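Have a look at the structure below, then the notes.
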Amino acid sequence: MNAEDILGYARRTGMFWSAAEIYGGSAGIYDYGHTGATLKRNFESLWLSYFVERNQNYFLIDGSTLLPEKPLIASGHAERFNDILIGCKKCKSYYRADMLLSELGIEIHEGAAPSEVDETVRSNSLRCPKCNGEFGPSRAFNMMIDVSLGPEKSDRGYLRPETAQSAFLNFYREFNSLRQKLPLGLAIIGRAYRNEISPRQGLYRLRELIQAELQIFFDEKNWEPDISDYAGDEMSVVTYPKGQQERVKAKDLLELGYPGFYVYHMALIHRFYVDVLGIPEEKFRFYEKGGDDKAFYNKVHMDIELDIQSWGGFKEVGGLHYRGDYDLSSHSRGSSKSFKVKSGGREFYPNVLELSFGVDRNIWAQIDILYSNEGRQVLSLKPYMAPYAAAVFPLQHDEAIEKEAESIFSGISGKFRSFMDFSGSIGKRYARMDEIGTPFCITVDYETVDNSSDNYGTVTVRSRDSREQKRVRVSDLERFLSDALKPEF
RNA sequence: GCAGGUGUAGUGUAGUCUGGUCUAGCACGAGAGCCUUCCAAGCUUUCAACCCGGGUUCGAAUCCCGGCACCUGCACCA
């Protein structure tokens, strides 16, 4: 399926669509509908229980999406997001002023204003390297979305460009509140904002996006998660600078020199995608970034990539970044407070390992990879991911059957997200549930309500993928569902 | 932001070049009813669209202008 097909599917089935679409919408801003919002929530809770809640040292926090200017100056975002763009009047090519000038061997101080860039261009009589055309006036382009605060709108703030900053800003308080133990993991699931120039391809490049991030603060010299269970796990990795995709075992990565804690989390992430979400092995890989592609503060930087047909191949859906002590040291400088910690007779800035996931991209990826419209239309989500856990159908229009169906629905609907439908043929109702990935359809038939039948008090439960049915006692339904919906980890 | 393309019911489309027969067709879909003892069946019936604004014309889905949005490429993507 291409991106258009997925958007059509998503609109039709209540997954997501352009925000404010009745006014024509706006690129890079999406709303989730009744199925999409639940799918997203399921992904978030699964992520939370898998990566965060299973570890006694990791905790969920929440942070404001609106931040004052200062922390974002300290983090480097204000400066680095403030590129100056300069465009050729003739061929309309745009350049980043700092890159253009340094290529031409002209020095200009960092943070130069557009007027200074224009003056430099004028005094050096610079022209477009492509067509020798004249440059128009340069202008600042800020990837962050700024807001003005206060009655005079005099205080500048920004919508946070990544959730990570909220974790760094709150490290000090949480570290003390949690009695100064390392490692300490702070997880945030929330929204972030970037003024992307050209948001496209559905949920790939968004101006408002949802991130699920876990920032783990640790002592670089003293963190060795037990990797023995994972040593033999084999996964696809493109290492830098080799640039070739290979199958590598976790223990081999250790020998290649990647830190143990890094490899441990690679294996954890790999299992999350393949075992827990059901992504086929060959559609998952790590892609190591180096050189200019790597953020300067990262010591090791791997993108988590999935092979997504509608996006034309392997695309980034998350990242595993060893950020060193960049974050706490820069906020120490920025705030004039020390975030060094004392441990083992040493005083140091905790290092940070960041697990970062784009929630929207992961939702799209699951639809892309797990939806099939060849023959039957089925979304093969893991049962615990599906927007509805179960649907309850009366086989036919019949008073006793419908009454029993309603009673079953009210019995399970508070515990499992459930759906009920009385209309149309049974096959059509099954098909509708297949399309949005409902793993189980519970059908009340004549035997259910016939006390002379051997099957009295039982219903048929149809599995989405096999279409097979088995009879389950109504009184066992709750246990059946809770077993079947248990996440696989 | 630049260039090109596109914009018709919930979805996918026909019609646009060559203005009228378009009271906008089709398929899927959705609703109501009938039928039906398990996989999008059938029958009856209903619902629903020309992106927005202006202009030309006796007459505009169709031509022109402006806007908005989307798609593709370029540039951008700490």
Side-chain angles (χ1 to χ4, degrees), chain A residues 2-5 7-14 17-29 33 72 75-83 85-96 98-100 130 136 139 141-144 161-162 164-165 192 194-202 204-207 209 289 292-298 301 312 316 321 326 373 375-378 393-398 401 421-435 441-450 453 455 459-464 466-469 471:
Chain A
N2 60 35
E4 287 292 294
D5 296 334
L7 286 167
Y9 165 84
R11 278 192 290 266
R12 198 174 66 241
T13 55
W17 47 82
S18 272
E21 70 164 351
I22 62 170
Y23 289 97
S26 175
I29 314 177
L72 293 162
S75 69
H77 284 91
E79 181 189 304
R80 291 186 177 278
F81 270 54
N82 247 327
D83 291 331
L85 291 183
I86 183 162
C88 168
K89 281 189 193 167
K90 193 173 151 200
C91 71
K92 308 288 185 192
S93 299
Y94 276 84
Y95 305 90
R96 266 175 57 181
D98 56 338
M99 289 170 79
L100 179 73
K130 270 191 199 156
R139 60 199 167 80
F141 179 76
N142 197 325
M143 278 284 292
M144 287 197 293
E162 57 178 15
Q165 290 308 319
R194 299 176 185 185
N195 197 12
E196 296 286 354
I197 295 176
S198 182
R200 267 177 212 179
Q201 293 191 290
Y204 189 69
R205 194 168 300 286
L206 295 171
R207 291 203 167 119
L209 56 136
K289 293 290 178 71
D292 290 342
D293 289 336
K294 178 169 77 82
F296 68 94
Y297 47 75
N298 278 338
H301 175 152
E316 176 190 3
H321 307 144
Y326 174 78
N373 58 3
R376 213 155 60 100
Q377 297 174 8
V378 190
F393 297 144
L395 180 61
Q396 273 169 7
H397 187 67
D398 175 279
I401 289 177
D421 191 356
F422 283 30
S423 71
S425 71
I426 191 75
K428 190 154 214 162
R429 284 177 273 164
Y430 288 152
R432 276 195 284 247
M433 289 298 104
D434 287 344
E435 193 178 24
C441 290
I442 296 163
T443 302
V444 179
D445 61 14
Y446 288 93
E447 295 178 67
T448 310
V449 294
D450 175 3
S453 164
N455 287 325
V459 288
T460 62
V461 178
R462 169 189 181 271
S463 292
R464 176 195 65 205
S466 66
R467 304 202 296 170
E468 279 166 10
Q469 293 181 309
R471 294 206 81 97

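Every value quoted in this text rests on a predicted model; they were computed, and no experiment measured them.
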- Task: Would you mind checking if Asp421(A) and Arg432(A) are paired as a salt bridge, meaning a charged N to carboxylate O distance below 4.0 Å?
- Result: yes
- Whole-Å C1' distance, U62(B) and C28(B): 27 Å
- Given atom CZ of Arg429(A) and atom P of A41(B), what is their separation to the nearest angstrom? 11 Å
- Nearest to the side chain of Ser425(A), which nucleotide is it out of A41(B), U37(B), C39(B)? A41(B)
Atom pairs, N/O to N/O, protein against nucleotides 6-10 of chain B, distance under 3.5 Å?
none

- How long is the span from the CD1 atom in Ile442(A) to the CD atom in Gln469(A), to the nearest 0.5 Å? 11.5 Å
- Message: Should the side chain of Arg462(A) and the base of C39(B) be counted as holding a donor-acceptor pair, with the cut-off at 3.5 Å?
- Response: yes
- As its Watson-Crick or G-U partner within any shown strand, both distances under 3.5 Å, A14(B) has none
- Message: Closest approach to the side chain of Arg467(A), judged atom by atom: which nucleotide of C77(B), C38(B), C39(B) is it?
- Response: C39(B)
- Do the charged groups of Asp434(A) and Arg462(A) touch, with an N to O distance under 4.0 Å? yes
With 3.5 Å as the limit, what N/O pairs link the protein to nucleotides 43-50 of chain B?
none

- Message: Rounded to whole Å, please give me the gap between CZ in Phe422(A) and P in U36(B).
- Response: 19 Å
- Query: Of all heavy-atom pairs between Glu435(A) and Tyr9(A), which one has the smallest distance, and what is that distance?
  - Reply: O-OH, 2.6 Å
- Query: What is the base-pairing partner of G1(B), counting Watson-Crick and G-U wobble geometry with both distances under 3.5 Å?
  - Reply: C74(B)
- Query: Does the side chain of Tyr446(A) come under 3.5 Å of the side chain of Ser453(A) through a donor N or O and an acceptor N or O?
  - Reply: no
- Message: If I pick the C1' atom on G29(B) and the same atom on C68(B), what distance separates them, to the nearest angstrom?
- Response: 29 Å
- Task: For G25(B) and C47(B), measure between their P atoms and round to the nearest Å.
- Result: 12 Å
- Query: Looking for any heavy atom pair under 4.0 Å, which part of the strands does Glu21(A) touch: base, sugar-phosphate only, or nothing?
  - Reply: nothing
- Message: Rounding to an integer number of angstrom, what distance separates U46(B) and U37(B) when you compare their P atoms?
- Response: 28 Å
- Note on the structure: Distance col, row Asp5(A):CG vs Asn373(A):CG, nearest 0.5 angstrom, shows 7.5 Å
- Apply salt bridge (charged side-chain N to carboxylate O under 4.0 Å, His left out) to Arg471(A) and list each qualifying residue two or more places apart in sequence or on a separate chain. Asp445(A), Glu447(A)
Could you go through nucleotides 69-71 of chain B and list every protein N or O atom that sits under 3.5 Å from one of its N or O atoms, giving the distance for each pair?
| unit_1 | atom_1 | unit_2 | atom_2 | d |
| --- | --- | --- | --- | --- |
| A69(B) | O2' | Gly24(A) | O | 3.0 |
| C70(B) | OP1 | Ala27(A) | N | 2.2 |

- Sticking with atom P, work out how far A30(B) lies from C76(B), rounded to a whole angstrom. 47 Å
- Task: Would you indicate what Arg376(A) reaches in the nucleic acid, counting non-hydrogen atoms under 4.0 angstrom: base, sugar-phosphate, or nothing?
- Result: nothing
- Item | Tyr297(A) and Tyr326(A) aromatic ring geometry - parallel, tilted or perpendicular at 30°/60° bounds | parallel
- Whole-Å distance separating the CG atom of Asp445(A) from the P atom of C39(B): 12 Å
- Note on the structure: Atom CZ of Arg471(A) and atom P of C38(B) are separated, to the nearest Å, by 11 Å
- Taken in chain and number order and not counting sequence neighbours, the residues that satisfy side chain to side chain donor-acceptor pair (under 3.5 Å) with Arg200(A) are Ser198(A)
- What nucleotide, of A30(B), A78(B), C38(B), holds the atom closest to the side chain of Leu395(A)? C38(B)
- Message: Less than 4.5 Å apart, side chain to side chain, heavy atoms only: is that true for Thr443(A) and Ile426(A)?
- Response: yes
- Query: Is Gln469(A) near enough to C38(B) that one of its side-chain N or O atoms lies under 4.0 angstrom from OP1 or OP2?
  - Reply: no
- Query: Considering residues at least two apart in sequence or located in another chain, which fulfil the salt bridge (charged side-chain N to carboxylate O under 4.0 Å, His left out) criterion with Arg207(A)?
  - Reply: none
- Task: Go through U37(B), G29(B), C39(B) for me and flag the one nearest to the Ile426(A) side chain.
- Result: C39(B)
- Message: Distance check needed: C39(B) P versus Asp421(A) CG, whole Å only.
- Response: 16 Å
- Please measure how far the C1' atom in C70(B) lies from the corresponding atom in A32(B), and state the result in whole Å. 36 Å
- Does a side-chain N or O from Lys428(A) land closer than 4.0 Å to OP1 or OP2 of A30(B), or not? yes
- Atom pair distance, as rounded to whole Å: CD in Glu196(A) and P in G1(B): 15 Å
- Among the nucleotides C38(B), G31(B), A78(B), which one has an atom lying closest to any side-chain atom of Glu162(A)? A78(B)
- Item | Gap in Å between the two C1' atoms, one belonging to G5(B) and one to U44(B), rounded | 44 Å
- Item | Sub-4.5 Å side-chain heavy-atom contact between Phe393(A) and Met433(A) | yes
- Note on the structure: By the Watson-Crick or G-U definition, both distances under 3.5 Å, U44(B) is matched with A32(B)
- Once you round to the nearest 0.5 Å, how far does OG of Ser423(A) lie from NE2 of His397(A)? 11.5 Å
- Item | Nearest-angstrom distance, P atom, U45(B) to A27(B) | 14 Å
- Item | Interatomic distance where NE2 belongs to His77(A) and P belongs to C77(B) [whole Å] | 14 Å
- Across all strands, who's sitting opposite C63(B) as a Watson-Crick or G-U wobble pair, both distances under 3.5 Å? G55(B)
- Message: Less than 4.5 Å apart, side chain to side chain, heavy atoms only: is that true for Arg11(A) and Glu21(A)?
- Response: yes
- Just compare A78(B), A41(B), C39(B) and give me whichever is closest to any side-chain atom of Tyr297(A). A78(B)
- Query: With both distances under 3.5 angstrom, what nucleotide forms a Watson-Crick or G-U wobble pair with C22(B)?
  - Reply: none
- Message: Checking base pairs now: Watson-Crick or wobble, both atom distances under 3.5 Å. What partners A49(B)?
- Response: none
- Message: Any heavy-atom pair between the side chains of Leu206(A) and Glu196(A) that's under 4.5 Å?
- Response: no
- Message: Of the options G31(B), A40(B), C77(B), whose atoms approach the side-chain atoms of Ala431(A) most closely?
- Response: A40(B)
